[in-house]
Amino acid sequence: MSGVIVTNPPKADPEDVGALAAFGVATVSEAMGRTGLLGPQIRPIQQGVRVAGTAVTVLGWPGDNLMIHAAVEQCGEGDLLVVTATSPSTDGMFGELFATALQRRGVRGLVINAGIRDTRDLREMGFAAWSRAVSAQGTVKATGGSVNVPVAIDGQVIRPGDVILADDDGVVVVPRERARETAERSRAREEKEAAARAAFLDGQLGLDRYGLRDRLKQLGVRYLSHEEYAGERS
């Protein structure tokens, strides 16, 4: 497998990345019309951490981490490394030594569509990571691949420079051209949710706030007393 290493790709504006970092993955995905989510199999190795950064992408061979070594050189302050393989893999392609090198360069975290190891060390050093598997299985450095090219994870295309936002709920990708718009939509959504939260704290029901009683009626859902329900079933 031959490949290419692309240098200096366009990236989302750091201010827009910072604005998106204020919101959760669920909020941002909803603000984009329920799009951009990587699948639920990509899970955090830690809890209570949210990161946002610009993607540096890696396409490598399963069980081979050569291209991650090549990608480290292309990473800088505010980036987030995104790794996938040409076919499914759960081997531990990334560990504490990689994290040390990336942390030194200001990288904010990792999303890997494969295995990761040294997870305790990563948590202790504060390097955030999301992976498809945790595995101690080692890898080789033998096959060429690509860095900073578009990659796909669970049907979502991630281009270098796109915004990656990750938290306890998962990972979402925001196209770099939509970063500012999505941050604005996310802010509007949070304001709307804050109003709903206040209403619920005051005792209002979602059935009334969202006009769902009419929806239930339209769908033929009825209210029956216990006696009425028992009588219909007898």
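FYI, the numbering just counts along the sequence from 1.
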When clusters are formed by joining ILVMFWY residues with side-chain heavy atoms under 4.5 Å apart, either directly or through shared neighbours, do Met32 and Val171 land in the same one?
no
Scan Thr35, Val173, Leu37 and name whichever one has a side-chain contact (heavy atoms from CB on, under 4.5 Å) with Ser29.
Leu37
Minimum side-chain heavy-atom gap Asp154-Arg132 below 4.5 Å
yes
Where Asp64 and Leu66 come nearest, the two heavy atoms and their spacing
OD1-N, 3.0 Å
Which word best sums up how the rings of Tyr210 and Phe200 line up, parallel for under 30°, tilted for 30 to 60°, or perpendicular for over 60°?
perpendicular
Which value, rounded to the nearest 0.5 Å, describes the distance between Arg215 atom CZ and Leu219 atom CG?
7.0 Å
Could you pull out the closest heavy-atom pair between Leu212 and Gly206, with the gap in Å?
CD1-O, 3.9 Å
pair Val72-Phe98: side-chain heavy atoms closer than 4.5 Å
yes
My understanding is that only one of Val51, Val17, Thr182, Val172 makes a side-chain contact (heavy atoms from CB on, under 4.5 Å) with Leu165; could you say which?
Val172
Taking everything shown except Arg185 itself, do over 12 heavy atoms lie less than 6.0 Å from its CZ?
no
Okay, side chain of Gln46, backbone of Ala129: is any donor-acceptor separation there less than 3.5 Å?
yes
N/O donor-acceptor pair under 3.5 Å between Glu228 side chain and Ser225 backbone:
yes
Among Val58, Val56, Thr54, Ile153, side-chain contact (heavy atoms from CB on, under 4.5 Å) partner for Val82
Ile153
Check the pair Leu216, Tyr223 against side chain to side chain contact (heavy atoms under 4.5 Å, CB included), reporting the backbone distance first and the verdict last.
CA-CA 10 Å; Leu216 291 175; Tyr223 284 86; 4.1 Å; yes
Glu15 atom CD, neighbour heavy-atom count above 12 within 6.0 Å
no
Has Asp168 got a side-chain atom pairing as donor or acceptor with Gly48's backbone, closer than 3.5 angstrom?
yes
Side-chain heavy atoms under 4.5 angstrom apart, residues restricted to Ile, Leu, Val, Met, Phe, Trp, Tyr: same cluster for Val221 and Leu207?
yes
How long is the straight-line distance from CE of Met67 back to OG of Ser146, given to the nearest 0.5 Å?
6.0 Å
Main-chain N/O of Met93 paired with Asp91 side-chain donor or acceptor, under 3.5 Å
no
I'd like to check Asp167 versus Pro44 (side-chain heavy atoms, cut-off strictly below 4.5 Å). Are they in contact?
no
Where do Val107 and Leu80 come nearest, in terms of heavy atoms and distance?
CG1-CA, 4.2 Å
Are the side chains of Phe94 and Leu110 in touch, meaning some heavy atoms are under 4.5 Å apart?
yes
Hey, are Arg209 and Asp202 close enough for a salt bridge, meaning a charged N less than 4.0 Å from a carboxylate O?
no
Val134-Ile112 co-clustered via ILVMFWY side chain contacts under 4.5 Å:
yes
Looking at Thr57 and Val149, would you say the former's side chain and the latter's main chain have a donor-acceptor pair under 3.5 Å?
yes
Spell out, yes or no, whether Val174 and Ile42 are grouped together once hydrophobic residues are joined by side-chain heavy atoms under 4.5 Å, including indirect joins.
no
Do we see a donor-acceptor contact under 3.5 Å between the side chains of Glu190 and Ser186?
no
Decide whether Ile68 and Leu122 are clustered together by the hydrophobic rule: side chain heavy atoms of Ile, Leu, Val, Met, Phe, Trp, Tyr closer than 4.5 Å, transitively.
yes
Residue pair Asn113, Gln41: steps toward the side chain to side chain contact (heavy atoms under 4.5 Å, CB included) verdict:
CA-CA 9 Å; Asn113 188 28; Gln41 294 81 14; over 6 Å; no
State whether Arg105 and Asp79 are salt-bridged, where the test is any N-O pair (Lys NZ or Arg NE/NH1/NH2 against Asp/Glu carboxylate O) under 4.0 Å.
no
After noting the C-alpha distance and the side-chain angles of Asp121 and Glu124, does the key distance pass the side chain to side chain contact (heavy atoms under 4.5 Å, CB included) rule?
CA-CA 5 Å; Asp121 293 330; Glu124 288 179 349; 4.2 Å; yes
Counting N and O atoms only, with roles assigned by atom type, does the side chain of Arg159 sit under 3.5 Å from a partner on the main chain of Pro175, one being a donor and the other an acceptor?
no
Closest approach of Arg108 and Ala128, non-hydrogen atoms and distance?
O-CB, 4.1 Å
Check: Ala12 main-chain N/O paired with Arg180 side-chain donor or acceptor under 3.5 Å
no
Salt bridge or not between Glu191 and Arg187? Use side-chain N to carboxylate O under 4.0 Å.
no
Below 4.5 Å, heavy atoms only, C-beta onward: do Arg189 and Val28 meet side chain to side chain?
no
Contact summary for Glu96 and Asp118, nearest pair of heavy atoms:
N-OD2, 2.9 Å
In the structure I gave you, are the side-chain heavy atoms of Thr27 and Glu30 within less than 4.5 Å of one another anywhere?
no
Any Lys/Arg nitrogen of Glu232 or Arg222 sitting under 4.0 Å from an Asp/Glu carboxylate oxygen of the other?
yes
For a quick test of reading the model, state the closest non-hydrogen atom pair linking Ala55 to Ile164 and the distance between them.
CB-CG1, 3.8 Å
Tell me if the CD atom of Glu73 is crowded by more than 12 foreign heavy atoms within 6.0 Å.
no
Under the 3.5 angstrom rule, does the side chain of Thr84 hit a backbone N or O of Leu59 as a donor-acceptor pair?
no
